[in-house]
Enquirer: 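Dumping the structure here so I can ask a few things about it.
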Amino acid sequence: MLCLPDIIRDDDPSVQRLLRAVDHAPALTALIRAAWQVARVLAGHMVEAVLAERARRPPAWPACAACGTPLQRKGFAARQVTSVLGPLRWRRRVGRCPRGCPREQVVPLDAALGVAPHQRSSTDLQHLGCALAVFVPFATAATLLGLTCGVTVSPRAVGEWAQAAGQRARAPLHTQLQAVADGDLPTTEPLAAEVAALPLALEADGVMVPLRPAGGDPRGQTAWREVKVGVLARLGRHRTRAGQVGARLYHRRVVAVLGGIEALPQRLALAARRQGLQDVPPVVWLSDGARGLWRLLEESFQDSATGILDFYHGAPHLWKAAAAWLDGRTHQARQGFSRARHRLRHGQPDAVLAALAAALAGEGLPETARDTLTTV
Ligand SMILES: [Zn+2]
């Protein structure tokens, strides 16, 4: 019985060189790399064989878009795209209008395959490049594509794919935002019943993001711009193997937009409606103290959500209060701060507020300390 390498050897002599590399690979790493090369080349041949077979079938020629005359075949023409399997080549029938209408040639097979005219890289390769570009610069993404797929891709190409993907994603988002503005509620995302019963938490903040000064060009000084981010999640409980119970976020969804606070509310409202804001149990709005974000809560979620200042943004203000109140008495200030922070962490904000009020009512408080305590 023939084993797999023999079948391949028999069938396709062009992979013999690659098979020899597999045979002679000394270490496991080299062996895997060499075998991976064979797998890619074979997969490429398989795809090309299917394309060649499909290209032989006579296509249904459409009518000329300009004059309506049935198109006429003009013979076969070569086509190539770069894919995750390397370059793929096929020949397929092209047609033109017999009346010579000035229009590009029509290629039914490419249209059926979802390959656009002038498209030089396959959509799967573009998807991979875009996914990498979420985490690493375009040049690194291009290098990683070369390492994994053995193809040469320029950083500029990865940048253009990401731009195009962004444009494609933008169109349906604008349609959905318009629909919400017109009062059409979006479809709620389906959820398992036990997750749907959990409270919904909304959170929003701004982060500074380093961008290139000129699109597509890494040279020049980094331009820092703000991205407003909203996070939506169900608040659940999780028991560790040691039996400890902790909070855990389920079904997390993220909304992000480049620009100021004015760009966020519509997008966050759309995402919240998709998460069933209108018919879920308690909704929590968690945020830092920024006025713009609390205005967003008041204007968009007042009826459905309870606002909570998050612990990590609240705690530093307690230190300001303790330092002002117990000015010069460092040890007491530290103790007071620790106590207040502990209470805040364990869900006793009223006790913290009462301590602040008591400090304000105390006698002999300097005016600056009074101002600080009032602000806090
Ligand atoms: Zn025509």
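None of the values given here were measured: they were computed from a predicted structure. Remember, it's 1-based here, ligands and their atoms both numbered in the order they're listed.
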Enquirer: Using 30° and 60° as the class limits, which term best fits the ring planes of F301 and W285: parallel, tilted or perpendicular?
Expert: parallel

Enquirer: For D310 and H313, what are the C-alpha separation, side-chain angles and deciding distance, and is it a side-chain hydrogen bond (donor to acceptor under 3.5 Å, both in side chains)?
Expert: CA-CA 6 Å; D310 80 79; H313 279 101; 2.7 Å; yes

Enquirer: Excluding waters, which protein N, O or S atoms are within less than 2.8 Å of the Zn ion (ligand 1)?
Expert: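 The answer is C64 SG, C67 SG, C97 SG, C101 SG.
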
Enquirer: Search all heavy atoms of L268 against all heavy atoms of G230 and return the closest pair with its distance.
Expert: CD1-CA, 4.0 Å

Enquirer: Is R234 positioned over the aromatic face of Y250, cation under 6.0 angstrom from the ring centre and no more than 45 degrees off axis?
Expert: no

Enquirer: Side chain to side chain contact (heavy atoms under 4.5 Å, CB included) with V229: which of V254, D205, V255?
Expert: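 For V229, the side chain to side chain contact (heavy atoms under 4.5 Å, CB included) test succeeds with only one of V254, D205, V255, which is V254.
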
Enquirer: In a check of side chain to side chain contact (heavy atoms under 4.5 Å, CB included) between Q275 and each of V283, L200, T188, which one passes?
Expert: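 Option passing the side chain to side chain contact (heavy atoms under 4.5 Å, CB included) with Q275: L200.
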
